[in-house]
There are 2 protein chains.
Amino acid sequence: MHKFNGKEYPCCTSLTMGIIGGKWKTVILYHLLDKKLRYNELRKEMPTVTERTLSLQLKMLEADGIIKREVYTSKPPLKVEYSLTDFGKTLIPLIQSIANWGDFVVEKYSKSKID
Amino acid sequence: MHKFNGKEYPCCTSLTMGIIGGKWKTVILYHLLDKKLRYNELRKEMPTVTERTLSLQLKMLEADGIIKREVYTSKPPLKVEYSLTDFGKTLIPLIQSIANWGDFVVEKYSKSKID
DNA sequence: CAGTATCCACATTGATACTG
DNA sequence: CAGTATCAATGTGGATACTG
């Protein structure tokens, strides 16, 4: 049984999935792999996520120390940028592997199926 | 937008997570990496999962073609073994990377924290 | 042994409107 | 611009008892 940020996981794989699992977290991280992005830039990259959900997911990733939130202005309109922390950067190869396997499946299926 | 087994995913990472995401699927796959296991053997490896949930997760993995279910007896007591399909085996490096990153975090934290 | 059936609790995500 | 508030729907997982 492993512990991280107050949560307990029965397996080393559950720990990883507890941090990057869920419907949106890997998508966010995928877009932050090599660049900082603002909140609305992320929204444009992920047209089907709602504001509320994106906001919640960003907070969870921030709470786990995977991404950092930098604020550049004190009054509206605000400028906020999200990027990987050093700890978050240790996930880069994993996120890429996840993306690659997804691509591999898409490839495989686009070849074997018409639809 | 990618499609797999009737589900749509907005990103290649979501596709992967759609297949191996959730609380238990990676744990199941982790235990099936290098061997076949029976239903009750899996339960012993995962003491905190309920019968119903394990059963549902196994069905989903089977439906996605990741694992196969082999039945060896026709009458109770049944003997059923679960193992990776050839398609499922393409996930082996990914599952190992997920486990490794989890281990890395456990290591990191056991060194920096007392509890 | 290997599950299913039933019922339920909680977590996650969404839609929409609104704010500093 | 970068969110939050509110309400609701859906999904995911759990407890327990039962079955072929």
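Excluded from the calculations below are hydrogen atoms, water molecules and symmetry mates; all remaining heavy atoms, backbone and side chain alike, are included. Chain naming here is simple, since letters A, B, ... match the order of the sequence lines and numbering starts at 1 in each.
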Study note, to complete from the structure: In whole angstroms, the gap separating P of C/dG3 from CG of B/Leu58 amounts to 7 Å

Exercise for review: For a side chain to side chain contact (heavy atoms under 4.5 Å, CB included) with A/Val27, tell me which candidate from A/Lys23, A/Lys25, A/His31 qualifies.
Suggested key: A/His31

**Study point:** Minimum-distance nucleotide (side-chain atoms of A/Thr50 versus C/dT13, C/dA15, C/dA2)
**Key:** C/dA15

Review point. What integer distance in Å separates B/Leu56:CG from C/dA2:P?
Key: 17 Å

Check your understanding: Start at the 5' end of DNA chain C and walk down; is the nucleotide closest to A/Thr48 or to A/Leu78 reached first?
Key -> A/Thr48

Practice item. For the residue pair B/Tyr109 and A/Phe4, categorise the inter-ring angle as parallel (less than 30°), tilted (30 to 60°) or perpendicular (more than 60°). Key: perpendicular

Practice item. Would you mind telling me which of C/dT13, C/dT4, C/dT6 lies closest to the side-chain atoms of B/Arg52? Key: C/dT6

Practice item. For C/dG20, give its Watson-Crick or G-U wobble partner with both distances under 3.5 Å, or none. Key: D/dC1

Review point. Would you say a side-chain N or O of B/Arg38 is under 4.0 Å from OP1 or OP2 of C/dA2?
Key: yes

Check your understanding: Does a donor on one side chain sit under 3.5 Å from an acceptor on the other, for A/Thr50 and A/Thr53?
Key -> yes

Check your understanding: Are B/Gln57 and D/dT12 close enough that a side-chain N or O sits under 4.0 Å from OP1 or OP2?
Key -> no

Review point. Under 4.0 Å between a side-chain N or O of A/Tyr82 and OP1 or OP2 of D/dG3?
Key: yes

Review point. So is B/Lys108 actually on top of A/Phe87's ring, under 6.0 Å and inside 45° of the axis?
Key: yes

Check your understanding: According to a strict under-4.0 Å criterion, is B/Lys23 in side-chain N/O contact with OP1 or OP2 of D/dG14?
Key -> yes

Check your understanding: What is the distance from OH of A/Tyr72 to P of D/dA2, rounded to the nearest Å?
Key -> 12 Å

Study note, to complete from the structure: Rounded to whole Å, OH of A/Tyr39 lies from P of C/dG20 at a distance of 17 Å

Practice item. Rounded to the nearest angstrom, tell me the gap between atom OH in B/Tyr9 and atom P in C/dT13. Key: 14 Å

Point to revise | A/Arg43 with A/Glu51: basic N within carboxylate O range, under 4.0 Å | key: yes

Exercise for review: Rounded to the nearest angstrom, tell me the gap between atom CG in B/Leu61 and atom C1' in C/dG3.
Suggested key: 16 Å

Review point. To the side chain of B/Glu51, which of C/dA2, D/dC1, D/dA17 is closest?
Key: D/dA17

Practice item. Please check the phosphate of D/dG14 (OP1 and OP2 only) for any side-chain N or O of B/Thr53 closer than 4.0 Å. Key: yes

Review point. Expressed in angstrom and rounded to an integer, what is the separation of B/Trp24 atom CH2 from D/dG13 atom C1'?
Key: 9 Å

Practice item. Report which part of the nucleic acid B/Arg43 touches: base, sugar-phosphate, or nothing (heavy-atom distance under 4.0 Å, all strands). Key: nothing

Check your understanding: So does A/Lys59 get a side-chain nitrogen or oxygen closer than 4.0 Å to the phosphate oxygens (OP1/OP2) of D/dT4?
Key -> yes

Exercise for review: Return the value, rounded to whole Å, for the distance between atom CD of B/Glu62 and atom P of C/dA2.
Suggested key: 15 Å

